[in-house]
2 protein chains.
Amino acid sequence: MKPITAEEITTQLSEAVHEHRLKPGAKLREDEVSEVFGVSRTIVRQALRNMAFDGLLTIEKNRGASVSKPTLKEAHEVFQARALLEPSTARAAAERTTPADIARLQRHIEEEHRALDQGQLGLALKLSGNFHLEIARIADQHTIEHFLKQLIYRSSLVIALYWKRRDALCENNTHNTLVEALSKNDGNAAEDLMTGHLLNIYSQLDLREREEESISLRDALRQ
Amino acid sequence: MKPITAEEITTQLSEAVHEHRLKPGAKLREDEVSEVFGVSRTIVRQALRNMAFDGLLTIEKNRGASVSKPTLKEAHEVFQARALLEPSTARAAAERTTPADIARLQRHIEEEHRALDQGQLGLALKLSGNFHLEIARIADQHTIEHFLKQLIYRSSLVIALYWKRRDALCENNTHNTLVEALSKNDGNAAEDLMTGHLLNIYSQLDLREREEESISLRDALRQ
DNA sequence: TGTGCATATATTGTATACAATGTAAAGATA
DNA sequence: TATCTTTACATTGTATACAATATATGCACA
């Protein structure tokens, strides 16, 4: 049996973060991870570094890797960047969307709903993010898709930290209306809907300054 | 004397690529690099991986790292992405620009001209790219700056491959007018100037389909 | 008790040895 | 000579041993 690659470990761990199975602040010791996946630390270190590049992990010298805890500023930046990239991408996608794409998107939405119905919030969150990536894929913009992937992963971290009400999850029929616009190849509508959708998510975050940073006082004083 | 870190090697090699001292297609053998910098391959591999993440290097399994050769499609994508990110960023920067920022930008432009006068095209190119990064820094958009850095490095590769006339370099007083707009905190002007500036660079590229891909026939048939 | 110091342990950082793979050279056969 | 096969070499991939650093533990002393 072939051993698992660094890239596969990266994917699995990234999905765990995306689904909030690994929460911001969680430590990932190299030994631990290497034992779980049955490979040497060499491979694990590659995977951890990959994730650090995507902004999912923060690696501190001699102190190891832990799931990143985006600051308020970073949280804002992530959504500002998405606001720049995604609406135009949605427009470009609309102009290229094929029936096959629509079918795939609809299957995707179904999955999301199923996950929600079964109370698998983390999974639903991941699928919701992948929906956005799927649109960049349709737009055939590989470079932007690459950036967007990082932004969406980080969005998941932002949501983990700053989501207003965990109980009431957004009833997301926005994705449906977006697919509708795409199926009509209506670029204007797609762009506007995406803009609104992002603003909607953004508004559901609690991005006010807060005192409770005392938790991370230790970290704050470390240097 | 302290040994050089992977990050420092990353920077030095990245600058070499940015300045076209290392050209697209150039191979970087681990042994060679490790000897040059006096460190083990372990460190070199980290650096090479870093650069691969930024899109500067392409690493093929068991075949090593070489400076990336962006395809026509990637070339287009890079400038499309820049067109989405940079104008808005210039606007944001204009609204926050301080006299100290202006001074730094002007020093920057002087350096560019000096490099041009001395015929150091590569250096001038790098400085020109850094000018754009400086604007993202002023805008205080760390996330976008991070993406932009990758895009600008890749732009350098695109220019190396697709620049129309190497002899006639763009007489760049656009940077000057941009600084002027920034100094007046004129966001609208800054945004428009940046849009035009990017279009101008884009128009100086020869991004038509070409036959001479036969050079890479070998690579094409490899799988 | 509580604080400071010294020691022990845990964890990451780096170099190196060996394995796996790819590339080039030499030889065999037609 | 041309092509295929085999062999040798060069290069990258992975695991592991050891060094460096950070964290935790125990002890002395006030």
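Numbered from 1 within each chain, the chains take letters A, B, ... in sequence-line order. Hydrogens, waters and symmetry mates are skipped; everything else that's a heavy atom, side chains included, is used.
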*asked:* How close do B:Pro70 and B:Leu157 get, counting heavy atoms only, and between which atoms?
replied: CG-CB, 3.7 Å
*asked:* How long is the straight-line distance from CD of B:Gln141 back to NE2 of A:His76, given to the nearest 0.5 Å?
replied: 10.5 Å
*NE2-CG distance between B:His18 and B:Leu56, expressed to the nearest 0.5 angstrom*: 9.0 Å
_Side-chain donor/acceptor of B:Arg41 to base of D:dG13, under 3.5 Å_ = yes
Please give, in whole Å, the distance from [N] [atom2] to [X] [atom1]?
X	N	atom1	atom2	value
B:Asp31	C:dA17	CG	P	13 Å
B:Glu60	D:dG13	CD	P	11 Å
B:Arg45	C:dA15	CZ	C1'	13 Å
B:Glu35	D:dT12	CD	C1'	17 Å
A:Gln46	D:dT12	CD	C1'	11 Å
A:Ile43	D:dT12	CD1	P	16 Å
A:Arg29	C:dA10	CZ	P	10 Å
B:Ile59	C:dG22	CD1	C1'	16 Å

_Taking the minimum atom-to-atom distance to the side chain of B:Lys61, which one of C:dG13, D:dG13, C:dT12 wins?_
D:dG13
_Between B:Thr42 and B:Leu28, which residue's closest nucleotide on DNA chain D lies nearer the 5′ terminus?_
B:Leu28
*On DNA chain D, nearest-nucleotide positions of A:Asn62 versus A:Thr5: which is more 5'?*
A:Thr5
*Tell me whether the OP1 or OP2 atom of C:dT11 has a side-chain N or O from A:Arg63 closer than 4.0 Å.*
no
_Assess, by modelled atom type and distance only, whether the side chains of A:His197 and A:His132 contain a donor and an acceptor separated by less than 3.5 Å._
yes
